[in-house]
Amino acid sequence: MTNIRNTSSPHWRAWLKPENRCLVPFNSFAEYAPEPNPETKKKDVVWFALNDDRSLCAFAGIWTEFSGDRGTKSKPISGPHMVYGFLTTAPNAVVEAIHPKAMPVILTTDEERDVWMRAPLDEAKALQRPLSDDVLKIVARGADKEDRAAT
């Protein structure tokens with residue numbers, strides 16, 4: 001998995017066609033806090049979601065088949081492998097306070113998901129924007145790397 005920010009790069013152009021676009025479902029995602037927690041001396045994991053119920057939604061993604069080896073050097077796994085990445089964009093104010101560089105491109109409506117999956121690239125790329133600040137919230141924060149509240 002990788003993050004894809006520069007969709008104008010020739011490197012990504014071939015995979016931005018509708019046949020390589022996908023939806024990456026999620027109910028929450030995490031970023032590390034920028035500063036360590038004074039009590040634990042470790043950076044907290046901050047979880048974001050659309051709401052406290054952690055409704056299912058999707059990142060705008062792309063996928064392809066990779067034919068090389070994956071895994072560790074000591075235990076390589078021969079391909080082919082189905083791999084994916086998701087688009088990122090500038091963060092909204094909610095994410096920026098924790099991760100100032102980027103946030104995932106989040107598709108919240110059926111119309112947005114349909115545009116991402118089927119529209120010409122110019123129209124689909126318009127979805128590569130931060131969510132409004134009132135659409136995303138912090139739903140958990142702490143040392144856990146797994147989102148136990150969502151399971």
Side-chain angles (χ1 to χ4, degrees), residues 1-9 11-66 70-72 77 79 81-119 121-151:
M1 180 180 68
T2 190
N3 298 338
I4 302 149
R5 177 82 178 260
N6 184 3
T7 53
S8 298
S9 166
H11 177 78
W12 298 113
R13 194 170 299 134
W15 294 298
L16 289 168
K17 299 174 194 161
E19 57 266 26
N20 286 97
R21 295 183 203 155
C22 66
L23 300 173
V24 181
F26 78 98
N27 61 5
S28 56
F29 68 95
E31 296 288 356
Y32 281 100
E35 301 296 329
N37 180 318
E39 294 175 19
T40 65
K41 308 293 188 236
K42 295 181 180 180
K43 291 183 178 184
D44 283 343
V45 180
V46 181
W47 290 90
F48 300 89
L50 297 183
N51 53 47
D52 290 324
D53 295 335
R54 299 167 192 236
S55 302
L56 187 63
C57 55
F59 298 144
I62 60 173
W63 71 274
T64 192
E65 187 174 304
F66 174 72
R70 306 237 340 141
T72 63
I77 302 168
H81 304 278
M82 304 304 273
V83 295
Y84 73 96
F86 58 86
L87 275 61
T88 61
T89 188
N92 68 7
V94 177
V95 175
E96 185 176 37
I98 304 302
H99 192 269
K101 293 183 179 179
M103 69 178 287
V105 172
I106 300 172
L107 308 174
T108 61
T109 67
D110 288 340
E111 180 182 359
E112 288 176 344
R113 290 184 286 271
D114 188 62
V115 167
W116 176 247
M117 294 300 293
R118 303 181 203 306
L121 183 55
D122 288 344
E123 185 179 349
K125 278 179 66 170
L127 296 168
Q128 191 176 14
R129 80 297 177 239
L131 287 181
S132 299
D133 295 340
D134 62 341
V135 177
L136 197 64
K137 65 186 290 185
I138 293 173
V139 293
R141 183 181 186 129
D144 281 341
K145 292 182 182 177
E146 292 183 32
D147 190 0
R148 300 186 193 289
T151 58

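We use all heavy atoms of the structure for the numbers below, so side chains are in, but hydrogens, waters and symmetry mates are not. Treat the numbers as computed from the prediction; the structure is a model and nothing was measured.
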Looking only at heavy atoms, the pair that brings E31 and H99 closest together is OE1-CD2, 3.2 Å
CG/L50 to SG/C57 distance, rounded to the nearest 0.5 angstrom? 4.0 Å
Mark yes or no for whether D44, through its side chain, and A33, through its backbone, hold a donor-acceptor pair below 3.5 Å. no
d(R118 CZ, E123 CD) to nearest 0.5 Å is 12.5 Å
Does the R21 side chain pair with the main chain of M117, one donor and one acceptor, at a distance under 3.5 Å? no
Quick one: does any side-chain atom of E96 pair with a main-chain N or O of N92 as donor and acceptor, under 3.5 Å? no
May I ask you to check whether W15 and T64 show a side-chain donor-acceptor distance below 3.5 Å? yes
Is there a donor-acceptor contact under 3.5 Å from the side chain of S132 to the main chain of V135? no
Side chain of W116, backbone of G61: donor and acceptor closer than 3.5 Å? yes
Atom of W63, atom of M82 and distance for their closest heavy-atom approach: CZ3-CE, 3.2 Å
Report the distance from atom OG1 of T108 to atom CZ of R113, rounding to the nearest 0.5 Å. 7.0 Å
Which pair of non-hydrogen atoms, one from P100 and one from P91, has the smallest distance, and what is that distance? O-CG, 3.4 Å
Answer yes or no: is there a side-chain heavy-atom contact under 4.5 Å between V94 and M103? no
Give a yes or no answer on whether the side chain of Q128 reaches the backbone of T88 with a donor-acceptor pair at less than 3.5 Å. yes
Step through the shown structure and confirm whether more than 12 heavy atoms of other residues, nucleotides or ligands are within 6.0 Å of CD on E39. no
If only atom types and distance count, is the side chain of K41 paired as donor or acceptor with the main-chain N or O of P38 below 3.5 Å? yes
Treating R129 as the side-chain partner and L127 as the backbone partner, does any N or O pair qualify as donor plus acceptor under 3.5 Å? yes
In short, F29 meets V95 closest at the heavy-atom pair CZ-CG2, 4.3 Å
How many angstroms lie between atom OG of S28 and atom CG of D52, to the nearest 0.5 angstrom? 11.5 Å
Point-to-point distance, once rounded to the nearest 0.5 Å, from CG of N20 to CD1 of I62: 7.5 Å
For the student: nearest non-hydrogen atoms of P34 and A97, plus distance: CG-O, 3.9 Å
Flag the pair F48 / I138 as yes when at least one side-chain heavy-atom distance between them is below 4.5 Å, and no otherwise. yes
Ion pair present between E35 and K42, side-chain N to carboxylate O less than 4.0 angstrom? no
Can you see which heavy atom on I98 is nearest to which on R141, and at what distance? CD1-NH1, 3.7 Å
Just wondering, do F59 and I106 contact through their side chains at under 4.5 Å, heavy atoms? yes
